[in-house]
Amino acid sequence: MKLLSYFSLFLLLLTAKTNAQNTPAPIKLVQIMLTADYPDWNYKLNEEATIKVSVLKYGSPVENVEIEYQYGPEKLNPEKKGILALANGVGEINIGTMNIPGFRQLRVQTKIDGYVYKNEINVGFAPFEIKPTVNLPKDFDAFWEKAKAENSKIPMDAVVNHKPELSTANVDVYLVRLQNYKLGQYFYGYLSKPKDDKKHPVLFNPPGAGVKKIVPVTTYAEKGFISFTTEIHGVSPEINDADFESTRAKLKDYWAIHLDDKNNYYYKKVYLDGVRAIDFLTSLPEFDQKNIVVTGGSQGGALTIVAAGIDKRVTYIASFYPALSDNTGYLNNRSAGWPFMFSDKYQNNTPEKIKTMEYYDVVNFARKISIPGFYSTGYNDNTCSPTSTLSAFNSIKAPKEIVITPISAHWRFAETDDKSIQWLQEKCGIE
């Protein structure tokens with residue numbers, strides 16, 4: 001039965017559907033299975049975690065195999081490294097404990113027939129007691145109220161073009177250009193509307209990280225929403241390839257542009273784009289005048305929380321593994337999420353940059369949320385670490401629920417995605 005359960009897990013990983021930036025890794029000939037003491041991978045403080053290691057080929061243990069391992073606090077330098085011989089392909093590694101809330105990580109690898117196979121596991125210690133490290137500026141609310149007031153003076157200047165070639169039997173798709181932040185500065189999105197001439201809830205779907213051409217998403221419209229899927233860099237999806245590549249090169253590490261200036265930081269425009277997207281959606285005659293929903297993953301998960309914290313028109317959100325959360329974690333000897341701006345790699349830890357980030361850290365918008373929310377994350381996420389995402393989640397005082405699938409990394413299962421949409425439909429009264 002245990003071998004059968006392993007095989008079922010492989011199939012589940014292989015068939016997982018995701019809207020995230022990463023997808024599950026393909027199944028390999030040799031699998032290293034890591035099993036925690038508890039099915040939820042959660043431990044009490046000062047309780048030691050023992051991980052069972054199984055090296056399997058065709059679902060059967062590999063005899064006389066050695067594994068290299070290392071473990072320690074999540075995404076930090078390992079506390080211990082070693083080699084473990086597995087006579088019958090199965091063994092155990094005690095990875096220690098924590099006396100403060102957080103995560104520990106075990107990484108293992110083995111070499112068989114010239115091929116290297118790897119796996120890792122993150123386990124939590126009182127994860128719902130993790131507190132953020134980032135400070136909340138006293139003038140946080142005033143800063144964003146002023147920014148929104150100034151932004152409201154910029155005309156929306158909406159250009160909406162129907163795209164029959166992208167539409168479906170049930171959904172009309174439009175390419176939209178909106179002016180925002182400065183005169184002559186625009187961003188783009190695909191609007192998807194059900195073809196039924198009825199009133200509908202509106203849904204803002206912000207993008208994951210990176211510079212890429214957006215594509216239409218008709219799934220939400222098929223489920224009863226008028227949806228708007230956007231980009232953040234002012235890049236039309238119809239731009240030619242040469243210009244697109246030039247733009248993408250200029251925006252490498254865009255998250256660091258003007259990080260030392262809170263009034264001109266790159267994400268100021270991005271966060272206000274969310275407000276403008278909601279301006280546009282609520283101006284549509286088909287809007288039901290009640291329900292304004294935001295949902296996204298990774299950077300999109302961050303922008304979802306930001307939208308709820310900055311714009312009180314939002315009524316419900318569904319956020320997955322939000323980036324930009326508790327960015328000062330690395331300054332406090334623990335992991336932070338993407339883009340790891342204060343890690344040793346970037347050397348950004350100047351007082352000006354740290355202060356700027358306080359106005360943009362997702363945790364501080366999470367603290368402002370007053371509406372119901374659906375959230376989800378995985379423990380094996382090395383892009384938006386569970387320490388960082390739970391720092392944001394634990395800061396929310398509004399009604400909330402979370403789905404944690406410990407084995408998932410920077411992606412989500414189809415079941416979780418479906419549950420989030422069903423949750424939003426129920427909240428909005430969509431049958």
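Side-chain atoms are counted along with the backbone in the values below, which use heavy atoms only and exclude waters and symmetry mates.
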[X] and [Y] ion-paired at < 4.0 Å:
X	Y	result
Asp279	Arg276	yes
Lys290	Asp288	no
Glu145	Lys148	yes

Any idea how [X] and [Y] line up, ring-wise: parallel (<30°), tilted (30 to 60°), or perpendicular (>60°)?
X	Y	value
Tyr330	Phe340	perpendicular
Trp411	Phe413	perpendicular
Tyr360	Tyr271	tilted
Phe280	Phe228	tilted

Knowing that exactly one of Lys193, Lys199, Lys198 qualifies, which makes a salt bridge (Lys or Arg N to Asp or Glu O under 4.0 Å) with Glu286?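 Between Glu286 and the candidates, salt bridge (Lys or Arg N to Asp or Glu O under 4.0 Å) is satisfied uniquely by Lys193.
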
Picking from Lys146, Lys262, Lys355, what satisfies salt bridge (Lys or Arg N to Asp or Glu O under 4.0 Å) with Asp139?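 Among the candidates, only Lys262 passes.
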
Is Glu431 atom CD crowded by more than 12 heavy atoms from other residues, nucleotides or ligands, each under 6.0 Å away? no

Step through the shown structure and confirm whether more than 12 heavy atoms of other residues, nucleotides or ligands are within 6.0 Å of CG on Asn240. yes

[atom1]-[atom2] distance between [X] and [Y], expressed to the nearest 0.5 angstrom:
X	Y	atom1	atom2	answer
Asn122	Ser385	CG	OG	8.5 Å
Ile51	Ile95	CD1	CD1	4.5 Å
Arg107	Glu120	CZ	CD	4.5 Å
Lys138	Leu136	NZ	CG	11.0 Å
Phe342	Asn327	CZ	CG	6.5 Å
Asn119	Lys28	CG	NZ	9.5 Å

Any donor-acceptor N/O pair, [X] side chain to [Y] backbone, under 3.5 Å:
X	Y	value
Lys195	Thr168	yes
Thr295	Asn205	no
Ser167	Val173	yes
Tyr43	Asp37	yes
Tyr181	Leu272	no
Tyr254	Gly210	yes
Asn170	Glu222	no
Ser319	Gly301	yes
Glu231	Gly234	yes
Asp361	Asp326	yes

Show, in sequence, the C-alpha distance, side-chain angles and deciding distance for Asp157 and Leu178, and conclude whether the side-chain contact (heavy atoms from CB on, under 4.5 Å) test is met. CA-CA 6 Å; Asp157 191 23; Leu178 301 178; over 6 Å; no

Take Thr389 and Tyr375 through the test side-chain contact (heavy atoms from CB on, under 4.5 Å) and record every step on the way to the result. CA-CA 10 Å; Thr389 57; Tyr375 305 87; over 6 Å; no

Minimum heavy-atom distance [X]-[Y], with the two atoms named:
X	Y	answer
Asp381	Tyr321	OD2-CB, 3.6 Å
Ala366	Ala392	CB-O, 3.5 Å
Phe187	Asn180	CE2-CB, 3.9 Å
Ala398	Ile369	CB-O, 3.6 Å
Ala336	Ser388	C-CB, 3.9 Å
Pro386	Tyr379	CG-O, 3.5 Å

Intermediate values then yes/no, side-chain contact (heavy atoms from CB on, under 4.5 Å), Leu45 and Ile100: CA-CA 7 Å; Leu45 295 182; Ile100 58 173; 5.5 Å; no

Let's go through His162 and Tyr174 carefully: what are the C-alpha distance in whole Å and the side-chain angles of both, what is the deciding distance for ring-ring contact (aromatic ring centres under 6.0 Å, His included) to 0.1 Å, and is it a yes or a no? CA-CA 4 Å; His162 187 218; Tyr174 304 80; 4.9 Å; yes

State, yes or no, whether a side-chain contact exists between [X] and [Y] at a heavy-atom distance under 4.5 Å.
X	Y	value
Tyr188	Glu238	no
Asn382	Lys75	yes
Cys384	His410	yes
Ile112	Leu29	no
Tyr346	Pro339	no
Thr247	His233	no
Val403	Phe374	yes
Thr230	Ile214	no

Does [Y] have [X] sitting over its ring (NZ/CZ under 6.0 Å from centre, angle to axis within 45°)?
X	Y	value
Lys368	Phe140	no
Lys213	Phe244	yes
Lys400	Phe393	yes

Please assess Met341 against Leu324 for the test side-chain contact (heavy atoms from CB on, under 4.5 Å), listing each intermediate value before the final yes or no. CA-CA 9 Å; Met341 61 183 63; Leu324 293 155; 4.2 Å; yes

Are side-chain N/O atoms of [X] and [Y] paired as donor and acceptor at under 3.5 Å?
X	Y	value
Trp255	Gln299	no
Thr328	Thr133	yes
Lys427	Tyr316	no

